**Student:** 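Please read through the structure below; I'll follow up with questions.
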Amino acid sequence: MSQVFDGYERQYCEVSANLTRKCSSSAVLNGEQKKQKVSEIKTGLEAAESLIRKMDLEARTLQPNVKVMVLAKLREYKNDLNNLKSEVKRLSSTDSQATRDALLESGMADALMASADQRGRLLMSTERVNQSTDRIKQSRRTMQETEDIGVSILEDLHQQRQSLLHAHNTLHGVDENVGRSKKILTAMSRRMNRNKWIVGSIIAVLVLVVVVIFYFKLRH
């Protein structure tokens, strides 16, 4: 939830509670004291209306999922402000005795208490919403930390994959070199075998020539 809206909300609740106390105390006054108190209450109502307007403007800038909840709270604050206006009108239109009689007959005191109870419930609701917001923020931080850990693991895996690919390429190069060496050794072995046959053939021919020479010499 917007911190700006929370600030306006706290100010309004304080102003509203103060106006309720002044309305209750004005009911037993008369004359100039009552007029002065009513004037103070009207000034407070203007301040409360200004805060309501600021909250309304701020609420319209919030995200849709938060905006719905905030606008519902704002409607309750507007109803509370209308109740305060009605009380001020009643105080302004009657004298002290008539006001006390009206309060006794119409149960205005009960209405004031109910309004105060309503504001108390609103404050409790606001506190619960703030706690929920804190939990959501904590969950988001946890998700962000988890995401960072996941990204770090993926980076490590990528580096390991690159290392494995490099090792594979190195082994592939070694395998090619071994293959070429094997071919060279095979060719050398073949040449050696061929040379052996050639040398053996030459020796056999020489032996044969020597035998023939000895044969002819012995006959002569």
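Quick note: numbers below take in every heavy atom, side chains included, and nothing from hydrogens, waters or symmetry partners. Source: prediction; values computed, not measured.
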**Student:** Between Arg21 and Asn18, is there a side-chain heavy-atom distance shorter than 4.5 Å?
**Tutor:** yes
**Student:** Of all the heavy-atom pairs spanning Tyr12 and Leu81, show the shortest one and how long it is.
**Tutor:** OH-N, 3.4 Å
**Student:** Would you please name every residue forming a salt bridge (Lys or Arg N to Asp or Glu O under 4.0 Å) with Arg161, sequence neighbours left out?
**Tutor:** none
**Student:** Kindly write out the residues that satisfy side chain to side chain contact (heavy atoms under 4.5 Å, CB included) with Thr186, not counting sequence neighbours, or none if the list is empty.
**Tutor:**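 With sequence neighbours excluded, Thr186 shows a side chain to side chain contact (heavy atoms under 4.5 Å, CB included) to Lys182, Arg190, given in chain and number order.
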**Student:** Taking only residues at least two apart or on different chains, which pairs with a member in residues 142-158 satisfy side chain to side chain donor-acceptor pair (under 3.5 Å)?
**Tutor:**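 Of all non-adjacent pairs touching residues 142-158, those that pass side chain to side chain donor-acceptor pair (under 3.5 Å) are Gln144-Asp148.
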**Student:** Could you pull out all residues at least two apart from Lys67 that satisfy salt bridge (Lys or Arg N to Asp or Glu O under 4.0 Å)?
**Tutor:**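 Counting only residues at least two positions away or on another chain, Lys67 forms no salt bridge (Lys or Arg N to Asp or Glu O under 4.0 Å).
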**Student:** Carefully, step by step, assess Asp80 and Glu76 under the rule side-chain contact (heavy atoms from CB on, under 4.5 Å).
**Tutor:** CA-CA 6 Å; Asp80 177 67; Glu76 295 183 3; over 6 Å; no
**Student:** What is the distance from atom CD of Glu14 to atom CG of Leu51, rounded to the nearest 0.5 Å?
**Tutor:**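 Separation between the atoms: 10.0 Å.
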**Student:** Is Tyr77 linked to Val4 within one hydrophobic cluster, defined over Ile, Leu, Val, Met, Phe, Trp and Tyr using a side-chain heavy-atom separation of less than 4.5 Å?
**Tutor:**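 Per the 4.5 Å side-chain linkage, Tyr77 and Val4 are co-clustered.
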**Student:** Once side chain to side chain donor-acceptor pair (under 3.5 Å) is applied, what residue pairs with a partner in residues 51-62 remain, sequence neighbours excluded?
**Tutor:** Ser2-Glu58, Asp56-Arg60
**Student:** Can you list the other members of the hydrophobic cluster that holds Val209, where links are side-chain heavy atoms under 4.5 angstrom apart?
**Tutor:**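 Besides Val209, the cluster holds Val205, Ile213.
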**Student:** Look at atom CD of Gln63 and say whether more than 12 heavy atoms of other residues, nucleotides or ligands are closer to it than 6.0 Å.
**Tutor:** no
**Student:** With clusters built from Ile, Leu, Val, Met, Phe, Trp and Tyr whose side-chain heavy atoms come within less than 4.5 Å, directly or transitively, what are the remaining members of the cluster of Val207, listed by chain and number?
**Tutor:** Val199, Ile203, Val211
**Student:** Given a cutoff of under 4.5 Å between side-chain heavy atoms of I, L, V, M, F, W and Y, with clusters grown through shared members, what are the other residues clustered with Val210?
**Tutor:**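 Same cluster as Val210: Phe214.
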**Student:** Side-chain polar contacts of residues 35-45 - donor-acceptor pairs under 3.5 angstrom, sequence neighbours left out - could you list them?
**Tutor:**
| residue | atom | partner | partner atom | Å |
| --- | --- | --- | --- | --- |
| Thr43 | OG1 | Ser39 | O | 3.1 |

**Student:** Linking Ile, Leu, Val, Met, Phe, Trp and Tyr through side-chain heavy atoms less than 4.5 Å apart, which residues share a cluster with Ile202?
**Tutor:** Ile198, Leu206
**Student:** Not counting sequence neighbours, which residues clear side chain to side chain contact (heavy atoms under 4.5 Å, CB included) with Asn193? List them please.
**Tutor:** Ser189, Lys196
**Student:** Is it true that Tyr8 and Leu71 fall in one hydrophobic cluster, defined by side-chain heavy atoms closer than 4.5 Å?
**Tutor:**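 Both belong to a single hydrophobic cluster.
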**Student:** Taking salt bridge (Lys or Arg N to Asp or Glu O under 4.0 Å) as the test, write out the residues that go with Glu49, two or more places apart.
**Tutor:**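 Listed in chain order: Lys85.
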**Student:** Answer whether the closest heavy-atom distance between the side chains of Leu164 and His168 falls below 4.5 Å.
**Tutor:**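 A side-chain contact is absent here, since even the closest heavy-atom pair is not under 4.5 Å.
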